[in-house]
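Right, one structure below, let's go through it.
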2 protein chains.
Amino acid sequence: MPNDHKMADGIFNKRDTSRVTMTDVGRLAGVTQVTVSRALSHPDKVSKDTLRRIQDAIDATGFVPNAVAGALASKRSNLVSALIPSLTNVVYTSFMATFSQHLRQHGYQVLLSETGFDAASEDALIATHLSRRPDAILLTGIHHSDKARKQLQGAGIPVVEIWDITDDPIDICVGFNHHAAGRAVAEYLKAKGHAFAATITADDERALRRQSAFAERFTALSQSAVPDANTGGTASIGAGREAMAHLIDHSDFRKGAVFCSSDLSAHGAIIELHTRGYKVPQDIAVVGFGDQDFAGDIDPALTTVAVDRLQLGHLAANSVLDKLAGRPTKSVHDLGFKILTRLSA
Amino acid sequence: MPNDHKMADGIFNKRDTSRVTMTDVGRLAGVTQVTVSRALSHPDKVSKDTLRRIQDAIDATGFVPNAVAGALASKRSNLVSALIPSLTNVVYTSFMATFSQHLRQHGYQVLLSETGFDAASEDALIATHLSRRPDAILLTGIHHSDKARKQLQGAGIPVVEIWDITDDPIDICVGFNHHAAGRAVAEYLKAKGHAFAATITADDERALRRQSAFAERFTALSQSAVPDANTGGTASIGAGREAMAHLIDHSDFRKGAVFCSSDLSAHGAIIELHTRGYKVPQDIAVVGFGDQDFAGDIDPALTTVAVDRLQLGHLAANSVLDKLAGRPTKSVHDLGFKILTRLSA
DNA sequence: CAGCGTAATGTATGCGCATACATTTTTGAT
DNA sequence: ATCAAAAATGTATGCGCATACATTACGCTG
């Protein structure tokens, strides 16, 4: 594929002519480049005295190692690529925060990109990322194009897929069973005595799978159809309000429970219900998904499906580190989920 | 500084022995490495026929260019570094989404890290990022250590500071005047007839500056002290509730207006007021900050201070691109702000 | 058809570092 | 004091690509 980007081409490209290298530092410290390199990556192999002189030379020159050259020579970039659907969705970014922090402690940096729920742009991004020769790569979800799978396998690096599980991961996956989660919520609400239910779902493949599992199971249990309001784009309070309004205005759903694909839309649904005079959960119960930080702080406190995101972050990071270190690793990690009963359902 | 990270050291380091290079592609297409390189970056300088053969060879081999080697040879990484305080705060991530997208269209990738509101870790991160030889770097805020400034200047690349303005930027800054925003809110609330006010502020340097400007101005206008509830960490609905509760329980603030450092804490404050039976804005008015996507969707709709984040993203990206292309650029961009009057104040 | 400009490709080189291997210096045990 | 092992440092080399420069193959003008 020819490179069709416009390349920047200005005065700043001429910089670097004067940048300090290990050779410069070495000259100042009276040693060669190799010793400087060693002083930085294997300080125990360099005498106390030279170490000090090199350190002084580094301070004096303001030397900043060139990780690009280092990566080329060593074939290790200390970079881990990560692709997430959205940069603004806390569900993904809070995971990333944990993941990055954990990896940083082991000397790795994370190169993060947003794929935007779009398969085509994911393919392009995977190629771009692989060109940076990351030491590992993390993807969201388990559905990737054949081309992507091929490139990933060809890269010969650990690949972690998160937020979902499958028996056939590219390499490693860490997540939970969305189908089971949908079913579980259906059973929970049925057990609570609800005869009717509806769903509010965002345009997210995993959310849609939870929704369909929920609808299928709830219909089986209660013999009543489950209307769905698709919020169209990504979940938000506004989208949740709109969807709730739509359900009330355009379906015969008037009492029962609503299963939302996100805590955000659940929160929006509750706000809409309140402004219309419905009581939650007495008139209509609401279940969210994700257990976001605010779930316990709204009124009524939100009943929701919780997945241990901290553990997700740790497991994903550890899997990467284990693989990189050649330690044995499980290829499928099922985090499970938990229905957190609060007051809204 | 010696590298004290544990280095991963496992089986995966041996990979790459078999990775396809331009030389391999060239051999298959009957040309040399140079022609392959040209085919990729200057396709117009290669004949139609060879171009096709090279393309075929690329497809056949699954060649993925090595951007690391490219960067070393060309001294351009096509990377732009970005440091933001928090990955989970939509205020920063929504900016990043715009910024990254814009730069991606011009062939640049963004290397994003979270600094965590902590100056020491910012210094370390700046060094790490500079070692990757980014073509430009973006920082949040205008307060950086001397060491950081020195390193940044030595890097000889465009530096953009966002979310704040100063007469003395390292290179370029894009933001607005937080002091002026605080004053403006004070004047707005005074004009609305409020004689009393309080503030709810998170532990964020810029938020604290808005708060102190607000308090100073409001006190000057109304001769009444402005109690503050610091939420301690980062803003959230929960922190807002707690702070509001604290104000009511532990100060003599009972009526008037509350200026919150974030829409999130404002939302929390409103929830707390509602559960305690206060009417918003009749009993207590609430002003937020940031105009997050939900601000208009809660009840009552939130009056807040809006900054054009989209424009911030575009301006920051364009400034970088202009600098890189050697075009003339303004060094200080004041975005201004706007008080968005809705129902909560 | 000489002569020259242009298009198309190739050759040579080095970016800054890590690493294998070679050499020198130091240490300690006898 | 002697020698082998260990510690400390150096030499040589190449990672994969971009770029300056050299070469070759073709037109085209007069």
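Numbers restart at 1 for each chain; the letters A, B, ... are given by sequence-line order, proteins then strands.
Remark: Arg27(B) pairs with Asp24(B) by the salt bridge (Lys or Arg N to Asp or Glu O under 4.0 Å) rule, at least two apart or across chains. Judged as a side chain to side chain donor-acceptor pair (under 3.5 Å), and not counting sequence neighbours, the contacts of Glu161(A) are His144(A).
Using a 4.0 Å heavy-atom criterion, one finds that Val68(A) contacts no nucleic acid atom at all.
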Do any side-chain atoms of residues 163-170 of chain B form donor-acceptor pairs under 3.5 angstrom with protein atoms, and if so which ones, sequence neighbours left out?
{"unit_1": "Asp164(B)", "atom_1": "OD2", "unit_2": "Arg209(B)", "atom_2": "NH1", "d": "3.3"}
{"unit_1": "Asp164(B)", "atom_1": "OD2", "unit_2": "Arg209(B)", "atom_2": "NH2", "d": "2.4"}
{"unit_1": "Thr166(B)", "atom_1": "OG1", "unit_2": "Asp168(B)", "atom_2": "N", "d": "3.0"}

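When only modelled atom types and interatomic distance are considered, Ser145(B) and Asp123(B) share a side-chain donor-acceptor pair under 3.5 Å. Side-chain contact, Thr50(B) with Ser47(B): a donor N or O sits under 3.5 Å from an acceptor N or O. His129(A) and Ser113(A) share a side-chain donor-acceptor pair at under 3.5 Å.
Distance alone, capped at 3.5 Å, is enough to place a donor-acceptor pair between the Ser121(B) side chain and the Thr115(B) backbone. Side-chain N or O atoms of Glu114(B) include one that pairs as donor or acceptor with a backbone N or O of Leu87(B) at under 3.5 Å. In this structure, the side chain of Ser77(A) engages the main chain of Arg133(A) through a donor-acceptor pair within 3.5 Å.
Comparing the end axes of the helix from dC1(C)-dG30(D) to dT30(C)-dA1(D), each fitted to five base pairs by superposing C1' atoms of four pairs onto the next four, gives an inter-axis angle of 30° (nearest 10 degrees).
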Quick one: which protein N/O atoms are closer than 3.5 Å to N/O atoms of nucleotides 4-7 of chain D? Pair and distance per line, please.
none

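Taking atom NZ on Lys45(A) and atom P on dT23(C), their separation rounds to 20 Å, with Å as the unit. Following rounding to the nearest Å, Lys48(A) (NZ) and dT9(D) (P) show an atom-to-atom distance of 12 Å. Across the protein-nucleic acid pair, Asp24(B) atom CG and dG16(D) atom C1' stand 10 Å apart, rounded to whole Å. Taking atom CG of Leu51(A) as the reference point, atom C1' of dA8(D) lies 12 Å away to the nearest angstrom.
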(message) Base contacts versus sugar-phosphate-only contacts with protein, heavy atoms under 4.0 Å: please encode nucleotides 17-27 of chain D as B, S and - from 5' to 3'.
(response) BBB--------
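Distances shorter than 4.0 Å separate some side-chain N or O of Ser47(A) from OP1 or OP2 on dT9(D). When the side-chain nitrogen and oxygen atoms of Thr35(B) are compared with OP1 and OP2 of dG10(C), one or more of them lie within a distance under 4.0 Å.
Contact annotation: the side chain of Leu83(B) never approaches that of Leu138(B) to less than 4.5 Å [non-hydrogen atoms, C-beta and beyond].
No more than 12 heavy-atom neighbours from other residues, nucleotides or ligands sit within 6.0 angstrom of CG on Asp146(A).
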